[in-house]
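Notes follow once the structure below has been shown.
In what follows, chains carry the letters A, B, and so on, assigned in the order in which the sequence lines appear, proteins first and then strands, with residues in each chain numbered from 1.
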Amino acid sequence: MRRALSLDCVNIYALVFGGSTCDCEPAYRMNFKNLKDYLAWLYYQYLLITGIYVLEPWEKSIFNFILFSAIAMVIYTSYVFVPIHVRLALEFFFGIFGGQPESTMALMN
Amino acid sequence: MTESSANKLLNGDVCHRSSSGKKSGKNGFVKNHCLFQQPQKYRRLREKNQNVTRNSSLYKKPFLESFEETPLLVAVLTYMGYGILTIFGYLRDFLRHWNIEKCHVAREREEQKDFVPLYQDFENFYTRNLYMRIRDNWNRPICSVPGAKMDLVERVSHDYNWTFQHTGKVVKDVINMGSYNYLGFAENTGTCADAAVEATHKYGVGVGSTRYEIGNLDIHEEMEQLVARFLGVESSMAFGMGFATNSMNIPALTGKGCLILSDELNHASLVLGARLSGSTIRVFKHNNMQSLEKLLRDAIVHGQPRTHRPWKKILIVVEGIYSMEGSIVRLPEVIALKKRYKAYLYLDEAHSIGALGPNGRGVVDYFGLDPKDVDIMMGTFTKSFGAAGGYIGGKRELIDYLRNHSHSALYATSMSPPVAQQIITSMKTIMGEDGTTLGADRLRQLSENTTYFRRKLRDMGFIIYGNDDSPVVPMMLYMPAKIGAFGREMLKRNIGTVVVGFPATPIIESRARFCVSAAHTREMLDTALEAISEVGDLLQLKYSRREQPLPSLAWMSEESLLQD
Ligand SMILES: Cc1ncc(COP(=O)(O)O)c(C=O)c1O
């Protein structure tokens, strides 16, 4: 059970960050004892890929702060504005297609 | 039939037997590519195109060299990483500029402030803001003989690598995967060391004069004769330093009105020598014979710029094994070109002498060619022989000329006698003149180790550059943070490696470079490989996207392609 979880996590990781996704040889088979290990490993990969592994702790914090606040803002704005936009868009398209009289449709058929 | 089909051939996709004639025949060599078609190991190779093999008939054995393409995503992420680090570099520079943080590096003095800035170019920026952060991976003090295993002085830094303190402890028995100790002659025991001690008792260590004056010992002459015999040339000459051999002898050989054709990845010493000589320098693509031929043709057709007089001399400068790429020069083709266009050839065998060829006599031996076809055979004693210095071998007239004209012969103190003795003894061992088979054993061990190590790394899924026979094994890391992380993680597992980044490599092609040695036992290699694999998983370094089916399957699929 544990093992299945870890492998799935790794596969998701591989899909997101690239690397070999070939099924024949999972070169990245790491065995994690628990979720905490796995998250630590994921954070390590994040450090390596962004390059902030080499930075000093305070620089790391700045980077993380900026990145996560940016992400939070994106999520928040999408939460606030996307439903409105979707509703407006739906109304617009209904205005075009849904507003037509039935008889025209029949004619076209 | 175009160039691209030649590329394809190398990539092992298709084999056009019938139509391979026309274009590749332009050099006047035999044309059948298929002669050289290898049993396919991998189906989907992604090589850089630079590595087109033509003129396969010139090679007696397969010339397998691979440079797998950088995966696109990795390249993008690498650039992104550098981007982030650059931004933080600017931030730190800004803080230093306004004295918000202490500046540890050299900067302009107050009174120089309005002059041309001294520390603003990219390399300075890079050193200050990127290299400094992972500096602990380099110039680590070693406190034993750097053989197959070594002891390191432990050191710590409390201010993020600006300064280091020694803790007084020693890290014992670190497996050394970085020294150029190809034949394992870097030893403090054994016949070579004993002979060197004896030479010290006899001659002392310092000589105190140049070869031209009273620094010419009998041991030097003996060494030069031996080197000439080893190389199979008429005469040879030794110098106290390999770097100076290149940078001081090229200026003695060429001058104004001469043309130097230099490989783009040539060592700094060759580049410096070429620049000092005052000749015109043109650079051809790494190991790319089409590029070289084009330059040669242009040089002959157009002559010197403006005057259009013919060049006085054309000197092709190549290396035997390229130390960052692990590639072997396409010597048979270079020699064919050199003969065809009547140019001279300068071959730097720093890494290949002793390490390649059935008798350890370098690339010439490896390809089974005649040493007389190479005009200037240069090499160093620093690598395979475990000594110091360099040599030049060639025709007697050439060497006599150099003795009187080379700066490093006239103005440099001659080689230390124990070093000369180390060279003599190790070279005799390689040649089998000591009456044992120790030399042959070492050569065999090196080539076995090389094959084993390369195959294992490739099977693990790392991207490995270079020729299958080269003991220099570069393994790609790409991302800047991984350079530091790899070195540190390997050292944690008691393995010393060399990691290389810009400026020694292109900025995105950072790599770790292993040098296989005959002194490594199978157990050591296995330990190292295990650690590399572990770190490779941890850092996600197994980038290779080669599919690796069974060789027999690959053959079948090729056959079916042929029938189409
Ligand atoms: C190709 C090449 N030439 C010359 C040298 C310089 O030799 P030495 O270290 O003996 O000065 C090196 C050293 O790394 C080299 O790689």
Check the surroundings of atom CD in B/Glu530: do more than 12 heavy atoms from other residues, nucleotides or ligands lie under 6.0 Å from it?
-> no
Greater than 12 external heavy atoms within 6.0 Å of B/Trp98's CH2 = no
Which value, rounded to the nearest 0.5 Å, describes the distance between B/Ile84 atom CD1 and A/Leu55 atom CG?
-> 8.5 Å
Which bit of A/Phe63 comes within less than 4.5 Å of chain B, counting heavy atoms only: side chain, backbone, both or neither?
-> both
B/Tyr79, OH: over 12 other non-hydrogen atoms inside 6.0 angstrom | no
What is the distance from atom OH of A/Tyr53 to atom CZ of B/Arg488, rounded to the nearest 0.5 Å?
-> 4.5 Å
Verify the neighbour count for atom CZ of A/Phe81: are there more than 12 heavy atoms of other residues, nucleotides or ligands below 6.0 Å?
-> no
How long is the gap from CG on B/Leu541 to CG on A/Leu48, to the nearest 0.5 Å?
-> 8.5 Å
By a 4.5 Å heavy-atom criterion (distance strictly below it), what part of B/Leu130 contacts chain A: side chain, backbone, both, or neither?
-> neither
All heavy atoms of A/Val54 vs all of B/Ala481, minimum pair found to be CG1-CA, 4.0 Å
When rounded to the nearest 0.5 Å, the distance separating CD1 of A/Ile49 from OG1 of B/Thr78 is 9.5 Å
Roughly how far, to the nearest 0.5 Å, is CG of B/Leu85 from CD of A/Glu59?
-> 9.0 Å
Quick one: are B/Gln540 and A/Tyr44 in side-chain contact, heavy atoms under 4.5 Å?
-> no
Out of B/Gly83, B/Pro71, B/Pro480, B/Ala485, which one racks up the most heavy-atom pairs below 4.5 Å with chain A?
-> B/Ala485
